[in-house]
Amino acid sequence: MKQYDFKQMEKRWQRKWAEARAFAAQDFATDRKKAYVLVMFPYPSGDIHMGHLRNYAIGDVVARYRRMQGYNVLNPMGFDAFGLPAEQAAIDRGVHPREWTNQAVSTYRRQLIAAGISYDWDRMVNTSEPAYYRWTQWLFLKLYELGLVYKKDSPVNWCPEHGVLANEEAADGTCWRCGRPVVRRQLSQWFVRTTAFAEDLLAGLDELPGWPERIRLMQRNWIGRSEGTGVIFEIPALTESIEVFTTRADTLFGVTFVSIAPEHPLAERLADIGGTREDLAEFREKVMRQTSIDRSAEEREKEGLDLGVTALHPLTGREIPILAADYVLMEYGTGVVMGVPAHDTRDFAFAKKYGLDIVRVIEPLDAEDDILPYTGYGVMVNSGDLDGKSSSEGIALLNQRLAGAQLGGPKVQYKLRDWLVSRQRYWGVPIPLVHCEKCGWQPVPEEDLPVLLPEEVTFSAGDTARLANNPKFVSAICPRCGGPANRETDTLSTFMDSAWYYLRFCDPHNDRAPFDGSKIEYWMPVDNYIGGKEHTVGHMLYSRFVCHSLHRAGIIKFKEPFRNFFSQGILYKDGAKMSKSRGNVVSVDHFLEHYGADTARMISLFWGPPDRDVEWQEGGVEGCARFIKRAYGFFAEVWQQVSDAPQPPDQVKSQTAREILRIRHLAVKDITASMDEWHFNTTVSSLMIFLNQLTEVWQEAPAEVQQDNENRALMKEALLALVKLLSPMAPHLAEELWALADQEGFVMHAAWPTYDERHLKQKEIEYGITVNGKLRGRITLPATVTENRARDAALADERIRKQLKGRKVMRVIVVPGRVINIVAK
RNA sequence: GCCGAAGUGGCGGAAUGGCAGACGCGACAGACUCAAAAUCUGUUGAGGGCAACCUCGUGGGGGUUCGACUCCCCCCUUCGGCACCA
């Protein structure tokens, strides 16, 4: 039997594909439908492992399948190349981030090619190159033009020695470099107003039936729409009033105090009036010191401070105290909350601690449940003329009443926050804004883009504001008045780079615009977006936001970039996610060296359904490697016998021929179905079954049967079908066999085989016979059997008669082609 | 706490109302071999029986149905996401 030498053969096909530009997508092809298949592009670090490969294999199987179905496929890849680890490597090893990044990019690319992934590399993008980030800056300025960019104070993790830290650098509340405690410090930073599209982003989810429901749900929860009531509290000591948001207007009569976030600007003014200025400063200091860890500590006692000022209850006119409270979030709602101790757990604990009044205003419907705080709905009491109304009636009436009195009314609140895009880092896209003493912040004119990231940089330990320390970079001219100005020295979050890269793939070399409108129209939206669920609310939401805004600006015609989303599972090993830091990676290079790309692709899909997390199993690897060897050996041997067979006749006579025909059509049916459902693990099974059945039918046949022209003709067709069906999963093997069979072109461009139900029919079918649902026997019946005959045959079966002895047959149910159930008492 | 996903042989998994365990791994037995590896053949859910066969079996409990891994209700476990959201 001929041996399959994967090392040499895989290399050869990869070269031939590249030479023929076999993976190239064709802009504007009208003879075929387009299919845009996209796997989330990676941050390039080190090299890829089998966990990554599984994701790329999923996308590649889809892309190759679509090509064979006749689609014009766009299957691109690029690199999210800005970001922290490169800067880290620079500090640790003294390599320039660009060099480090480019090194990683070329390794990734080499490995992806070696795995036979069919990317159109002519379209590769690298977000750290000026040719790309120029247009990231353009995008930022578009958002700026649309009034969606603004600056505000926001806290950062701050280490006195190392400056601003990312969350993962301050994970346990101490600096990862020096171990000093991390404090929160206010810094003026750039934000993008994602909240302006909250309603659109929410509504858009309903038009994405191709997204898994749980992913849509996560986005929905993240946007966090909540309907309620705005309530205005007048503050007699101040000419201003404050507004709160509540979903429980029915508890309004139970409000006994108002709490405000300590960092709220108004808190300071209130403290001035109340004479508690210093107390507030101290309190605020204390709260700001709390790292995220302290904040999330369970059952942490709430702390507050009476500011010494009162507000007026909008309905009763009673004076109620205003307190600063650490459980009130500046970022949500108005940063001010009404306190209803009787019906809110937090307010209750808070009121107990600070001796505030507790007034019950809701009676539960179930009198048993009569302990405070009672947070459920019920009947209103102590609420003036609203006594006796239900919670929902009360909410409706109070909405009306407050609106009528100009004291608030119905309001919708979102949990979604604006997008913080400033990073105090070097290795990122410079924010294209300059600050002029006279004219304030000014956008860099489009024709002056890109604002180049200076290549010279020193990575001394210490603060991270490397651009701010570069006078050549900082000094600029105000585009408005021509006077001296300073450049913004923050860079953009890499989420901005990745929020639009899928658009750039449609037109990656355009140097006059980020993309050509007609190309975008042709390719977008992405038909199958494949990636990890960890990006569900970050990247996926920002990308949607960018398209919604570009749509509003009239630049693109669609709002939703990803028609279908497939959330791939994670590969685990030794109970943990495969990652370099865990030291449990299986290197792709190592695996390819031992088993080759086809085995790597197959096993990574065979482990389990692609959307499910799976555990690395050494065992299955051998199975796939063996399958590939057997497929090659069987094909090479049998092809010699059948290659010169004549065309098969229209009507097949011999039993062997009919069986080969049936096996082939069944395989096409099963494999097509599992591909369509993305159940690639069962695709692999079906391929194995197909080969097993062909082997069996052929090897058991005597020589004269193998020499029969009809049988040979059908075997030849079956073998060619096998090669095509193998092609998406094991493309190198398939090409090798295709060439061995002397077929034209690449099998990857051949048409996907079809099947005909007529050939699936068997003359005889084995039925299971069950008595009261339990299997008691089997019987083989002609496929054309009538229900009556099937029933009689089942009842006549000896085993069944024994089972039924002494029992009375009540009913018999015949399920055609499957089972006969006898109901007996 | 809230939301979501998942629990099937020794292992990965298959079957979404019709013969549970396809396919693969592992294990056992056999063939080839001086021997081993590789390869091939057979067996392999558990328990009972010399056997033909019988009983049990998809996290647990209940229900619907002629029939439930599959649908409904309650519970348990594991894993993910969010978490002072007013």
Side-chain angles (χ1 to χ4, degrees), chain A residues 1 212-215 217-218 220-222 224 226 228-229 231 244-248 251 259 295-300 302 325-329 331-340 343-347 349-350 413-417 533-534 536-537 567 569-570 572 575 602-603 606-609 611-624 626-627 629-630 633 670 674 679 681-692 695 699 766-779 798-799 802-803 810-824:
Chain A
M1 210 188 250
E213 187 49 43
R214 67 176 191 287
I215 301 291
L217 199 68
M218 275 168 77
R220 232 173 251 134
N221 292 341
W222 190 260
S226 125
T229 307
V231 186
V244 304
F245 174 75
T246 178
T247 52
R248 293 299 303 273
T251 64
S259 350
R295 278 225 165 197
S296 61
E298 267 181 63
E299 287 170 40
R300 190 181 56 88
K302 326 245 174 268
D326 63 355
Y327 70 88
V328 180
L329 304 173
E331 303 87 3
Y332 184 71
T334 58
V336 190
V337 172
M338 65 184 207
V340 189
H343 305 291
D344 182 280
T345 343
R346 290 158 304 174
D347 293 345
F350 198 68
Q413 192 60 241
Y414 299 92
K415 216 148 69 181
L416 182 70
R417 304 197 184 145
K533 20 190 178 294
E534 68 273 20
T536 309
V537 285
S567 154
I570 297 165
Y572 284 81
M602 270 192 131
I603 187 56
F606 191 45
W607 277 319
D611 54 349
R612 208 186 299 174
D613 294 346
V614 294
E615 176 80 21
W616 168 271
Q617 290 253 120
E618 193 63 46
V621 176
E622 284 300 334
C624 290
R626 252 175 248 169
F627 168 77
K629 273 184 232 159
R630 272 196 299 125
D670 286 351
S674 60
H679 291 172
N681 53 327
T682 59
T683 307
V684 176
S685 297
S686 299
L687 284 167
M688 289 172 169
I689 292 169
F690 188 22
L691 179 66
N692 290 347
T695 309
Q699 282 176 352
E766 193 184 42
Y767 279 76
I769 309 172
T770 57
V771 177
N772 293 334
K774 285 201 196 308
L775 182 72
R776 297 299 180 197
R778 289 173 210 283
I779 191 170
E798 201 165 321
R799 248 180 94 193
K802 225 155 80 182
Q803 277 286 334
M810 310 298 290
R811 239 175 110 183
V812 179
I813 290 130
V814 179
V815 183
R818 294 193 172 266
V819 74
I820 301 158
N821 187 31
I822 298 161
V823 187

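Source: prediction; values computed, not measured. Every chain is numbered from 1 and lettered A, B, ... according to where its sequence line falls, protein lines coming before strand lines.
Applying the ring-ring contact (aromatic ring centres under 6.0 Å, His included) rule to F245(A) yields no partners; only residues at least two apart in sequence or on another chain are considered. Scanning for side-chain contact (heavy atoms from CB on, under 4.5 Å) contacts around E618(A) gives Y595(A), W616(A), V621(A), with sequence neighbours left out. Residues that satisfy the side-chain hydrogen bond (donor to acceptor under 3.5 Å, both in side chains) test with R214(A), not counting sequence neighbours, are S567(A). Applying the side-chain hydrogen bond (donor to acceptor under 3.5 Å, both in side chains) test to D613(A) and every residue at least two apart in sequence or in another chain returns nothing. Residues meeting the ring-ring contact (aromatic ring centres under 6.0 Å, His included) test with F350(A), sequence neighbours left out: F257(A), Y327(A), Y354(A). By the side-chain hydrogen bond (donor to acceptor under 3.5 Å, both in side chains) test, T246(A) is found to be paired with no residue, residues two or more places apart in sequence or in another chain being considered.
Taking atom CE of M602(A) as the reference point, atom C1' of G12(B) lies 16 Å away to the nearest angstrom. Atom NZ in K533(A) sits about 16 Å away from atom C1' in C82(B), given to the nearest Å. Protein atom CD1 of I820(A) is 16 Å distant from nucleotide atom P of G18(B), rounded to whole Å. Rounding to whole angstrom units, CD1 of residue I779(A) and C1' of G18(B) are separated by 17 Å. Atom CE in M338(A) sits roughly 12 Å away from atom P in A86(B) (whole-Å rounding). Computed from coordinates, the W607(A) CH2 to G26(B) P distance equals 14 Å when rounded to whole Å. For the pair M688(A) CE and C23(B) P, the interatomic distance rounds to 11 Å; values are reported in whole Å. Taking atom CZ of F627(A) as the reference point, atom P of C25(B) lies 12 Å away to the nearest angstrom.
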Evaluation steps, side chain to side chain contact (heavy atoms under 4.5 Å, CB included), between T251(A) and M338(A): CA-CA 10 Å; T251(A) 64; M338(A) 65 184 207; 3.8 Å; yes
Intermediate values then yes/no, side chain to side chain contact (heavy atoms under 4.5 Å, CB included), K415(A) and Y332(A): CA-CA 7 Å; K415(A) 216 148 69 181; Y332(A) 184 71; 4.2 Å; yes
Decide side chain to side chain contact (heavy atoms under 4.5 Å, CB included) for R630(A) and N692(A); before the verdict, give the C-alpha distance in whole Å, the side-chain angles of both, and the deciding distance to 0.1 Å. CA-CA 9 Å; R630(A) 272 196 299 125; N692(A) 290 347; 3.0 Å; yes
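Taking atom P on both C54(B) and G10(B), the two are 23 Å apart, rounded to the nearest angstrom. Remark: the separation of the P atoms in G59(B) and G48(B) is 24 Å, to the nearest Å. Spacing of P atoms, U43(B) relative to U58(B), comes out at 26 Å, to the nearest Å. Atom P of G9(B) sits at a distance of 14 Å from the matching atom of C69(B), rounded to the whole Å. Annotation: G49(B) and G60(B) have their P atoms spaced 26 Å apart (nearest Å). Between G45(B) and C34(B), the two P atoms lie 35 Å apart (nearest whole Å). Across the P atoms, G24(B) and G18(B) are found 24 Å apart, a figure rounded to whole Å. Nucleotides U77(B) and G61(B) place their C1' atoms 15 Å apart, quoted to the nearest Å.
The shortest non-hydrogen separation linking Y767(A) to I820(A) is CD2-CG1, 3.8 Å. Shown here for D347(A) and G339(A), the closest heavy-atom pair between the two residues is OD2-CA, 3.5 Å. Heavy-atom minimum distance, L329(A) versus R417(A): CD1-NH2, 4.4 Å. Of all heavy-atom pairs between M602(A) and F627(A), the closest is CE-CE2, 3.4 Å.
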Can you name the atoms? Protein N/O to nucleotides 45-51 of chain B N/O, anything below 3.5 Å, with the distance.
none

For nucleotides 39-41 of chain B, list the nitrogen or oxygen atoms of the protein found under 3.5 Å from its nitrogen or oxygen atoms, one pair per line.
from   : atom 1 : to      : atom 2 : distance (Å)
U39(B) : OP1    : R626(A) : NE     : 3.4

Report each atom pair, protein N/O against N/O of nucleotides 52-60 of chain B, whose distance is under 3.5 angstrom.
from   : atom 1 : to      : atom 2 : distance (Å)
C54(B) : OP1    : Q803(A) : NE2    : 3.1
C54(B) : OP2    : R799(A) : NH2    : 3.1
U55(B) : OP2    : R776(A) : NH1    : 2.4

What's touching nucleotides 3-11 of chain B from the protein side, N or O pairs under 3.5 Å?
from   : atom 1 : to      : atom 2 : distance (Å)
C11(B) : O2'    : Q617(A) : OE1    : 3.0

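For the pair D613(A) and I769(A), both in contact range of RNA chain B, the more 5′-proximal nearest nucleotide belongs to D613(A). Both E615(A) and G623(A) sit near RNA chain B, but only E615(A) has its closest nucleotide nearer the 5' end.
The backbone N or O of S226(A) lies less than 3.5 Å from no partner atom in the side chain of Y414(A), so there is not a single donor-acceptor pair. The main-chain N or O of R799(A) is never found under 3.5 Å from a side-chain atom of R776(A) such that the two would form a donor-acceptor pair.
Nucleic acid contact for V823(A): sugar-phosphate only, since backbone atoms but no base atoms lie under 4.0 Å from a heavy atom of the residue. In this structure, T770(A) reaches neither bases nor backbone, as no heavy-atom distance under 4.0 Å exists between it and the strands shown. Nucleic acid contact class of N692(A) (heavy atoms, under 4.0 Å, all strands): sugar-phosphate only. At a threshold of 4.0 angstrom between heavy atoms, the contacts of E213(A) with the nucleic acid are absent.
With its glycosidic angle within 90° of 0, G9(B) adopts the syn conformation.
Distances shorter than 4.0 Å separate some side-chain N or O of N681(A) from OP1 or OP2 on A14(B).
Closest contact between the side chain of V337(A) and the listed nucleotides A86(B), G13(B), G18(B) involves A86(B). Picking from C85(B), C82(B), G81(B) the nucleotide with the shortest atom distance to the side chain of W222(A) gives C82(B). Listed nucleotides A14(B), A86(B), C23(B) differ in distance to V328(A); the shortest reach to its side chain belongs to A86(B). Distances were taken from every side-chain heavy atom of T247(A) (C-beta onward) to each of A86(B), C66(B), A22(B); the shortest belongs to A86(B).
Sorted by first then second residue, the side-chain hydrogen bond (donor to acceptor under 3.5 Å, both in side chains) pairs that include residues 812-823 of chain A, not counting sequence neighbours, are T770(A)-N821(A).
Salt bridge E213(A)/R220(A): present, at least one basic N to carboxylate O contact under 4.0 Å.
Contact check for M688(A) versus V684(A): side-chain heavy atoms found under the 4.5 Å cut-off.
Stem regions for RNA chain B, each three or more consecutive Watson-Crick or G-U pairs with both distances under 3.5 Å and listed by first number, read B:1-7 with B:76-82, B:10-12 with B:23-25, B:26-31 with B:39-44, B:45-48 with B:53-56, B:59-63 with B:71-75.
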